[in-house]
Amino acid sequence: MKNTMRVTEDLYYIGASDRRIALFESAFPVPRGVSYNSYLLLDEKTVLFDTVDAAVTEEFLHNLESVLGARTLDYLVVQHVEPDHSASFARVLERYPEVCVVASAKAAVMLKNFFSYEGATVVKEGDALETGKHRLRFLAAPMVHWPEVLFTYDEVAGTLFSADAFGTFGALGGSIFADEVQFERDFLDDARRYYFNIVGKYGVQVQSVLKKAAALEIKTVCPLHGPIWRKDFAWYLQKYDIWSKYAPETQGAAVFYASIYGHTQNAAEILAAALAAEGVKEIAVYDVSVTDKSVLLAEAFRYSHAVFLSPTYNNGIFVNMEDFLRDLCAHGYCNRRYALAENGSWAPQAARLMQETLSSCKNMQKVGESVTVLSAVTTQNAQELKALAREIAKSFD
């Protein structure tokens, strides 16, 4: 049975959600699943915007056929060739062999690589497609987050089809619209995690796209994952502006620690309590060994300040902390204030090595002196941690 929803007068949502998936892109936990969005425009010409992941292909095809009815499919606009949005491409062509595939030049190459398909009509920035009442204009959005990405703007309806931009983890539950769910409560953390892990490395490119979007009269935003925006989009757009500028979203401190036998955790807890005593209102504490790295990454970018505490392990940084720090730097971590603490029973080196790792990040300001714990936290260490907390508290703008 079909499960489709009307977005506007002649635009339909024909995507589907996957609640069985454990890891998105085999990397990121999605306990609330994920949606694969696809849209069908019924104008004088019919237009399909992207397909879906293989996990929901059958439901998608049934939705497509149900909404089309006796009509044929005239256009398939491929905005993003990543397989979670193109896995059903060949199946669509089997059913509608006369369909005109519209894609960017780079997408055309990828369609050949993935599907041995060479018949795409290539479009570029500023090109338009007349479908009857609607006029679709194409906007290049390279590296948001693949190089072939196109946005499509319906100049008549004010609808922006934004590919992976403005998407989020999380399956859709009943409603497809952001204004009909508690987005800030239920989706914002997943949206932030999605952005920084999937798109976040390409902040410069996102800023370029945001400038293009600012020049458009947008009424509806249709991303390829998560809810559709038709109200209060400016609020979400501001989040993207903050995130893509690598600016802190929250004035507060995220405390990240690794601990083998509990002593470094003890230091982290003492520091967090001292921060609270100094008046810092927003504090988050994470054990990097049990918290998924995608969460750690998003939270590090969320907060203005970070504290990293690690034992020395095999003459280096404890493995989970080292992995987290390298991933953080690879994603362009910058513009933050940070502090360090280490533990070591005979030759502590973690603070120096963490400092070396973070030195590759731009516009970072170290706060206070690194605190060294020798095996277990002493009374003197506790005082040093409290002094570090005072320095961190004073460093807030």
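Keep in mind it's a predicted model, so treat the numbers as computed, not measured.
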TODO: Please report the shortest heavy-atom distance between Ala253 and Val280, naming the atom on each side.
DONE: N-CG1, 4.5 Å

- [ ] Search all heavy atoms of Gly226 against all heavy atoms of Leu172 and return the closest pair with its distance.
- [x] C-CD2, 3.7 Å

Task: Glu342 and Thr372: side chain donor to acceptor below 3.5 Å - done: yes

Open item on the list: Checking side-chain polar atoms at under 3.5 Å, does Gln207 have a donor or acceptor matched by the opposite partner on Ser244?
Closed with: yes

Open item on the list: I'd like to know whether the aromatic ring centres of Phe256 and Phe324 sit less than 6.0 Å apart in this structure.
Closed with: yes

Open item on the list: Which heavy atom of Ile317 sits nearest to which heavy atom of Thr357, and what is that distance?
Closed with: CD1-OG1, 4.0 Å

- [ ] Find out if a path of hydrophobic residues (ILVMFWY) with successive side-chain heavy-atom gaps under 4.5 Å connects Val77 to Leu41.
- [x] yes

Open item on the list: Just by distance, no angles: are the side chains of Asp287 and Gln265 close enough, under 3.5 Å, to form a donor-acceptor pair?
Closed with: no

Open item on the list: With a 4.0 Å cut-off on N to O distance, would you call Arg91 and Glu58 a salt bridge?
Closed with: yes

TODO: Any chance you could measure Tyr303, atom OH, to Ile283, atom CD1, to the nearest 0.5 Å?
DONE: 9.0 Å

Task: Main-chain N/O of Ala258 paired with Ser310 side-chain donor or acceptor, under 3.5 Å - done: no

Task: Asp154 side chain to His134 side chain, donor-acceptor N/O pair below 3.5 angstrom - done: yes

Task: Reported CG-to-OG1 distance for the pair Leu296 and Thr291, which is rounded to 0.5 angstrom - done: 5.0 Å

Open item on the list: Determine whether Arg20 and Asp18 satisfy the following criterion, side chain to side chain contact (heavy atoms under 4.5 Å, CB included), listing intermediate values before the conclusion.
Closed with: CA-CA 6 Å; Arg20 294 188 174 186; Asp18 182 1; 3.7 Å; yes

TODO: Take Tyr194 and Phe28 through the test ring pair (Phe, Tyr, Trp, His ring centres under 6.0 Å) and record every step on the way to the result.
DONE: CA-CA 9 Å; Tyr194 174 90; Phe28 310 114; 8.9 Å; no

- [ ] For the pair Asp164 and Glu82, evaluate side chain to side chain contact (heavy atoms under 4.5 Å, CB included) and give the outcome as yes or no after the intermediate values.
- [x] CA-CA 10 Å; Asp164 269 349; Glu82 194 170 8; 3.6 Å; yes

Task: Nearest-0.5 Å distance, CD of residue Glu44 to NZ of residue Lys133 - done: 8.5 Å

Task: Aromatic ring proximity Phe169/Phe24, centre distance under 6.0 Å - done: yes

- [ ] Quick one: sort the His80 and His85 rings into parallel, tilted or perpendicular, breaks at 30° and 60°.
- [x] tilted

Task: Sidechain N-carboxylate O distance under 4.0 Å for Glu249, Arg302 - done: no

Open item on the list: Quick check on the 6.0 Å ring-centre criterion: do Phe151 and Phe138 meet it?
Closed with: no

Task: Heavy atoms from other residues, nucleotides or ligands near NZ of Lys45 exceed 12 (cutoff 6.0 Å) - done: no

- [ ] Would you please say whether a donor-acceptor pair under 3.5 Å links the side chains of Asn3 and His62?
- [x] no

- [ ] In plain terms, say whether Glu391 and Lys366 are close enough for a salt bridge, that is, a side-chain N and a carboxylate O under 4.0 Å apart.
- [x] no

Task: Aromatic centroids of Tyr39 and Phe49 separated by under 6.0 Å - done: no

Task: Sub-4.5 Å side-chain heavy-atom contact between Phe177 and Pro227 - done: no

Task: Gap separating the OG atom of Ser38 from the CD atom of Glu59, nearest 0.5 angstrom - done: 11.5 Å

Open item on the list: For a quick test of reading the model, state the closest non-hydrogen atom pair linking Tyr333 to Cys361 and the distance between them.
Closed with: O-CB, 3.1 Å

- [ ] Answer with yes or no after comparing the ring centroid distance for Phe396 and His305 against a 6.0 Å cut-off, counting only values under it.
- [x] yes

Open item on the list: Is there a side chain to side chain contact (heavy atoms under 4.5 Å, CB included) between Leu11 and Phe161? Walk through the geometry before answering.
Closed with: CA-CA 11 Å; Leu11 180 67; Phe161 299 91; 3.8 Å; yes

Task: Any side-chain heavy-atom pair of Thr46 and Leu48 under 4.5 Å - done: no

Open item on the list: Determine whether Thr152 and Val47 satisfy the following criterion, side chain to side chain contact (heavy atoms under 4.5 Å, CB included), listing intermediate values before the conclusion.
Closed with: CA-CA 12 Å; Thr152 307; Val47 185; over 6 Å; no

TODO: Determine, for Asp179 against Arg230, whether the closest basic-nitrogen to carboxylate-oxygen distance falls under 4.0 angstrom.
DONE: yes

Open item on the list: To the closest 0.5 Å, what do you measure between CD (Glu9) and CG (Leu42)?
Closed with: 10.5 Å

Open item on the list: I need the Ile198 CD1 to Tyr195 OH distance, nearest 0.5 Å.
Closed with: 12.0 Å

TODO: Answer with yes or no after comparing the ring centroid distance for Phe233 and Phe166 against a 6.0 Å cut-off, counting only values under it.
DONE: yes

- [ ] Would you indicate whether the side-chain heavy atoms of Val30 and Leu23 approach each other to under 4.5 Å?
- [x] no

Task: Asp323 bridged to Lys293 by N-O distance under 4.0 Å - done: yes

Open item on the list: For Phe301 together with Trp243, are the ring centres under 6.0 Å from each other?
Closed with: no

Task: Qualifying residues under salt bridge (charged side-chain N to carboxylate O under 4.0 Å, His left out), relative to Asp190, sequence neighbours excluded - done: Arg32, Arg193

Open item on the list: On a heavy-atom basis, which atom in Thr51 and which in Ser86 lie closest, and how many Å separate them?
Closed with: OG1-CA, 3.2 Å

- [ ] Return the minimal non-hydrogen interatomic distance between Asn320 and Ser289, and the atom names on each side.
- [x] ND2-OG, 3.0 Å

Open item on the list: Aromatic contact between Tyr36 and Phe60, with the criterion being ring centroids under 6.0 Å apart: yes or no?
Closed with: no

